[in-house]
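Only one structure is covered here, and it is reproduced in the block below.
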Amino acid sequence: QVQLVESGGGLVQAGGSLRLSCAASGRSFSRNTMGWYRQAPGKERELVATASSSGTTNYADSVKGRFTISRDTNNAVTLQMNSLNPDDTGVYYCNLRRLGPIRIGELRDYWGQGTQVTVSS
């Protein structure tokens, strides 16, 4: 299967920056998207940014212009977060989604364990 290992995160003051990295190991898929989702206390998990293996990126409106996602390799993704504010606080989860058809019983989505990002005001 696939394992996602996240690094980065931590505590930062408002206006500061953090960098999250995620590396996938195990099975490899040529067509996929990798990205980040976050979950704040009492809220549902929401998309932050994704990047496909073909180079297409997608951002939540709330992070456009502040966050940049990049694919280092087909199995690694980095999220540079600038101008952080307290609303960015939450647990950030790395995601890998397989594209195209999959077999019955196989997973389409893989998730990391999550890394805490806390932005103080």
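Keep in mind the model is a prediction, meaning the values are calculated, not measured.
Thr89 places a side-chain N or O within donor-acceptor distance of the main-chain N or O of Val119, the cut-off being under 3.5 Å. With hydrogens and angles disregarded, no donor-acceptor distance shorter than 3.5 Å links the side chain of Tyr59 to the backbone of Gly65. Remark: side-chain polar atoms of Arg103 are not paired, donor with acceptor, to backbone N or O of Glu106 under 3.5 angstrom. In this structure, the side chain of Arg98 does not engage the main chain of Phe29 through any donor-acceptor pair within 3.5 Å.
Residues Trp111 and Tyr37 bring their aromatic ring centres within 6.0 Å.
Residues Leu20 and Val2 fall within the same hydrophobic cluster, defined by Ile, Leu, Val, Met, Phe, Trp and Tyr side chains chained together at heavy-atom separations under 4.5 Å. Tracing side-chain contacts under 4.5 Å through hydrophobic residues (I, L, V, M, F, W, Y), one reaches Val77 starting from Leu4; they form part of the same cluster. Grouping the Ile, Leu, Val, Met, Phe, Trp and Tyr side chains by contacts below 4.5 angstrom, directly or via other members, places Leu96 with Leu107. Leu47 and Val63 are members of different hydrophobic clusters when ILVMFWY side chains are connected at heavy-atom separations under 4.5 Å.
Val117 is listed as a side-chain neighbour of Met81, based on a closest heavy-atom distance under 4.5 Å. Counting only heavy atoms from C-beta outward, the side chains of Arg97 and Arg108 approach each other to under 4.5 Å. In this structure the side chain of Ser52 never reaches within 4.5 angstrom of the side chain of Thr50, judged on heavy atoms. For the pair Leu99/Thr33, a side-chain contact is recorded, criterion being any heavy-atom separation below 4.5 Å from C-beta on. Asn95 places none of its side-chain heavy atoms less than 4.5 Å from the side chain of Trp36.
Heavy atoms only, all atoms of each residue included: Pro86 and Ser121 are closest at CG-CB, 3.8 Å. Taking each heavy atom of Leu84 and Arg66 in turn, the nearest pair found is CA-NH1, 3.9 Å. Across all non-hydrogen atoms, the minimal contact from Asn74 to Ser53 is OD1-CB, 3.3 Å. The two residues Asn75 and Met34 have their closest heavy-atom pair at C-SD, 3.7 Å.
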Using residues 5-19 as the side-chain source, report each donor-acceptor pair under 3.5 Å to any protein atom, sequence neighbours left out, with the distance given to one decimal.
residue : atom : partner : partner atom : Å
Glu6    : OE1  : Gln113  : N            : 3.4
Glu6    : OE1  : Gly114  : N            : 2.6
Glu6    : OE2  : Cys94   : N            : 2.7
Glu6    : OE2  : Gly114  : N            : 3.4
Ser17   : OG   : Asn82   : OD1          : 2.9
Arg19   : NH1  : Gln80   : OE1          : 3.0

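By the 4.0 Å N-to-carboxylate-O rule, Asp88 lies close enough to Arg38 to be salt-bridged with it.
For the residue pair Gln1 / Tyr110, a side-chain donor-acceptor distance below 3.5 Å is found, with atom types taken as modelled.
For Ser83, there are no side chain to side chain donor-acceptor pair (under 3.5 Å) partners at least two apart in sequence or on another chain. Scanning for salt bridge (charged side-chain N to carboxylate O under 4.0 Å, His left out) contacts around Arg45 gives an empty result, with sequence neighbours left out. Judged as a side chain to side chain donor-acceptor pair (under 3.5 Å), and not counting sequence neighbours, the contacts of Thr118 are Gln116. A search for salt bridge (charged side-chain N to carboxylate O under 4.0 Å, His left out) contacts involving Glu44 returns nothing, not counting sequence neighbours.
Listed by first and then second residue, the disulfide (SG to SG under 2.5 Å) pairs involving residues 39-68 amount to none (not counting sequence neighbours).
In this structure, the separation between OG on Ser21 and CG on Asp72 is 6.5 Å, given to the nearest 0.5 Å.
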